[in-house]
Amino acid sequence: MPLVSVIIVNYNGVHLLKDCLDSLRSQTLSDFEVILVDNASSDSSVKFVKEGYPEVRVIVNNDNLGFGGGNNRGIKASRAGYIALLNNDTKAHRRWLESLVEAAESDKTIGMCASKILNFDNPEIIDNTGLLMYPDGLARGRGRLEKDRGQYDRLEEVFIPSGCAAFYRRKMLDEIGLFDEDFFLYLDDVDMGLRARMAGWRCVYVPDAIVYHRYSATADPYSPLKAYLVERNRVWVVIKYFPLRMILMSPFYTSLRYLFQAYGILSGRGAVNRLAKSESMFNTIGIVLKAYLSALRMSGKMIRKRKEIARLKKIDNMEFHGWFKRYRIKVREIALKD
C-alpha cells in the first residue's frame, strides 16, 4: 500500500501533462502512486499517458464530472493514507511530496496541508499560499500576485488549501466525506476545507512543498461560465456553513463587493473588468441573476446538507467568527485584483 496517492483530474490537457507527470517521476519520495482521472477528453490525453507513463493508473469517465466528481472517482480508487491533489497544469518541485508528508506526520490533528504555489512562467510571482475567505463565501489565494520575497517561507497554520495542490489525510476524508459534486467547478476546495475545519481538523502551510502553476490553463479564468459557477457556489457555501448571523450579514458584504467591482470596471481593474470587456453589462448582470436562481433552486438540498454537516461540528460559532477575523480577505483585494 503506497503512502500517498496523487490524483490528477484531466480534461483535454494533453499539452499540459508532460511537465506535470515528469515532475512526479523526479520526486524524492518514492512511496506513492499516481492516478489520472480523465473527464471525457476529446484529445489524445488518455493515449498519451498510457503509452508514455505506464506507471500511472488511468480512469476514464464517460462524462465530464468536473473537479469534485473527478477527484472523488480518483480518491475512491486510491489506496494510500494520504491524498495529494494536483492540477494537470502544474509542475511539482522534486521535494513537494516529501515536504507535505513530513508536515502531516508531525501532528495527527493536521488534516490538510497547503502548498506554496508559484506562477509557472514567472516563479518570482506567487499564485497562492493557502486560501483566505471573504464574508460572503468567496475565497482568494493568500499572497496572490505578490512578488515572492520570502514573506511566506514559514511553516504555519493557514485556513484551507487550494485544490490546485492540496494534501489531505485519508482519515479526515473518511470522517467528513468527499467533494460535493453539485459544485462541479470552483469553490469545491472551500467547501471541503470548511467541512474539515468544522470537524476540528487543522491545516498547515508547507513552504518547502512548491508547485508551479499555469493559472486557469484548462479553463478560461474570465469566462461567463466561471463567473456563473463562482457566484452560485459561494451562495451554497454560505447556506451550508455560515452561522445565522453571518448569513444575514452576507448580502451587505456582497453589495459592498459589487460596489468595488463596479469601480473596478470603471477603472479597468479586477477580474470582473476582464469579464466586462467580453460581455455587455446587461449580459454580466444576467449571469449573476442566473447564478442566484440556480442557487435558490438547490437551496433546499443545501439546507439538508447543512443539517448533515452539523453532526460533524466540533467548533462553536465564536470560533467560526474568529476564522473570519484571522483569515479574512479585504474587499479591495478580492474585487480589484485579477
Side-chain angles (χ1 to χ4, degrees), residues 11-13 39-42 63-70 87 89 127-128 131-141 144-145 162-164 180-191 213-240 247 249-302 329-338:
Y11 177 69
N12 289 335
N39 268 336
S41 293
S42 58
D63 300 300
N64 186 352
L65 303 182
F67 177 88
N87 275 16
D89 55 359
D127 184 297
N128 79 78
L131 298 182
L132 300 174
M133 288 286 293
Y134 184 66
D136 75 346
L138 285 184
R140 183 180 173 87
R144 175 158 170 74
L145 300 182
S162 164
C164 168
D180 186 338
E181 297 186 19
D182 287 325
F183 279 57
F184 189 71
L185 282 174
Y186 306 115
L187 276 75
D188 322 61
D189 47 5
V190 174
D191 177 79
H213 181 215
R214 295 180 175 97
Y215 183 68
S216 288
T218 301
D220 185 350
Y222 310 111
S223 69
L225 177 62
K226 179 176 181 178
Y228 161 76
L229 290 173
V230 167
E231 196 66 26
R232 182 197 68 178
N233 293 353
R234 71 100 193 154
V235 174
W236 287 349
V237 166
V238 171
I239 293 173
K240 290 178 68 176
I247 292 176
M249 287 295 296
S250 176
F252 165 77
Y253 289 107
T254 300
S255 299
L256 184 63
R257 172 169 59 86
Y258 287 161
L259 183 64
F260 273 81
Q261 286 173 330
Y263 169 73
I265 293 173
L266 295 175
S267 60
R269 300 163 63 187
V272 172
N273 168 63
R274 300 282 193 105
L275 176 65
K277 287 181 178 179
S278 60
E279 300 290 324
S280 69
M281 182 62 70
F282 178 80
N283 286 345
T284 302
I285 294 172
I287 291 166
V288 174
L289 292 177
K290 181 183 176 183
Y292 282 139
L293 289 174
S294 179
L296 289 173
R297 277 197 299 269
M298 292 277 284
S299 60
K301 186 176 183 180
M302 296 301 152
I329 191 167
K330 295 179 180 179
V331 65
R332 292 183 64 90
E333 187 168 353
I334 203 162
L336 299 180
K337 281 189 177 182
D338 285 346

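Excluded from the calculations below are hydrogen atoms, water molecules and symmetry mates; all remaining heavy atoms, backbone and side chain alike, are included. This chain uses plain numbering: 1 for the first residue, then up along the sequence.
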Engineer: Ser41 and Asn12: which non-hydrogen atoms are nearest, and at how many Å?
Structural biologist: OG-N, 2.7 Å

Engineer: Hey, are the side chains of Met298 and Val235 touching, using non-hydrogen atoms and a 4.5 Å cut-off?
Structural biologist: no

Engineer: Has Asn39 got a side-chain atom pairing as donor or acceptor with Gly66's backbone, closer than 3.5 angstrom?
Structural biologist: yes

Engineer: Going by the rule side-chain hydrogen bond (donor to acceptor under 3.5 Å, both in side chains), which residues pair with Tyr228 if we only count those two or more places apart in sequence or in a different chain?
Structural biologist: Ser294

Engineer: Of all the heavy-atom pairs spanning Gly70 and Leu65, show the shortest one and how long it is.
Structural biologist: N-CB, 3.8 Å

Engineer: Please report the C-alpha distance between Asn87 and Phe67 in whole Å, then the side-chain angles of each, then the deciding distance to 0.1 Å, and finally whether the side chain to side chain contact (heavy atoms under 4.5 Å, CB included) criterion is met.
Structural biologist: CA-CA 10 Å; Asn87 275 16; Phe67 177 88; 4.3 Å; yes

Engineer: Could you pull out the closest heavy-atom pair between Gly141 and Asn128, with the gap in Å?
Structural biologist: CA-CB, 3.4 Å

Engineer: Quick one: CZ on Arg332 to CG on Leu256, what's the gap to the nearest 0.5 Å?
Structural biologist: 10.5 Å

Engineer: Could you measure the distance from the CZ atom of Arg140 to the CE atom of Met133? Nearest 0.5 Å is fine.
Structural biologist: 14.0 Å

Engineer: As an exercise, state the distance from CG of Asp127 to CZ of Arg144, rounded to the nearest 0.5 Å.
Structural biologist: 5.5 Å

Engineer: Considering only heavy atoms from C-beta outward, does the side chain of Leu225 approach that of Phe184 to under 4.5 Å?
Structural biologist: no

Engineer: Could you pull out all residues at least two apart from Asn233 that satisfy side-chain hydrogen bond (donor to acceptor under 3.5 Å, both in side chains)?
Structural biologist: none

Engineer: Go through Val272 and Arg257 one step at a time and tell me if the side chain to side chain contact (heavy atoms under 4.5 Å, CB included) criterion holds.
Structural biologist: CA-CA 11 Å; Val272 172; Arg257 172 169 59 86; over 6 Å; no

Engineer: As an exercise, state the distance from CD of Glu231 to CG of Leu289, rounded to the nearest 0.5 Å.
Structural biologist: 10.0 Å

Engineer: Could you go through Arg232 and Arg297, starting from their C-alpha distance and side-chain angles, then the distance that decides it, and tell me whether this counts as side chain to side chain contact (heavy atoms under 4.5 Å, CB included)?
Structural biologist: CA-CA 11 Å; Arg232 182 197 68 178; Arg297 277 197 299 269; over 6 Å; no

Engineer: Work out which heavy atom in Leu132 is nearest to a heavy atom in Ile329; give both atom names and the distance.
Structural biologist: CB-CB, 3.9 Å

Engineer: Could you walk me through whether Leu187 and Val230 satisfy the side chain to side chain contact (heavy atoms under 4.5 Å, CB included) test, starting with their C-alpha distance in whole Å, then the side-chain angles of each, then the deciding distance to 0.1 Å, before giving a yes or no?
Structural biologist: CA-CA 7 Å; Leu187 276 75; Val230 167; 4.2 Å; yes

Engineer: Please identify each residue that fulfils salt bridge (charged side-chain N to carboxylate O under 4.0 Å, His left out) with Lys301, with sequence neighbours left out.
Structural biologist: Asp182

Engineer: OH of Tyr258 to CG of Asp136: how many Å apart, nearest 0.5 Å?
Structural biologist: 7.5 Å

Engineer: Around atom NZ of Lys337, are there more than 12 heavy atoms of other residues, nucleotides or ligands at under 6.0 Å?
Structural biologist: yes

Engineer: Would a distance-only check, ignoring hydrogens and angles, find a side-chain to backbone donor-acceptor pair under 3.5 Å from Ser250 to Ile247?
Structural biologist: no

Engineer: Taking the side chain as every heavy atom from C-beta outward, state whether Arg269 and Tyr263 have any pair of such atoms under 4.5 Å apart.
Structural biologist: yes

Engineer: Would you check if the side chain of Asn64 reaches a backbone N or O of Ala40 as a donor-acceptor pair within less than 3.5 Å?
Structural biologist: no

Engineer: Is there side-chain contact between Val331 and Tyr253, with heavy atoms separated by less than 4.5 Å?
Structural biologist: no

Engineer: Taking only residues two or more places apart in sequence, or in another chain, which ones meet Phe183 in a ring pair (Phe, Tyr, Trp, His ring centres under 6.0 Å)?
Structural biologist: Trp236

Engineer: In Å and rounded to the nearest 0.5 Å, what is the CG to OG1 distance from Leu275 to Thr284?
Structural biologist: 4.5 Å

Engineer: How would you list, by chain and number, every residue that makes a side-chain hydrogen bond (donor to acceptor under 3.5 Å, both in side chains) with Glu333, sequence neighbours excluded?
Structural biologist: none

Engineer: Run the salt bridge (charged side-chain N to carboxylate O under 4.0 Å, His left out) test against Asp191 and tell me which residues pass, sequence neighbours left out.
Structural biologist: Arg195, Lys240

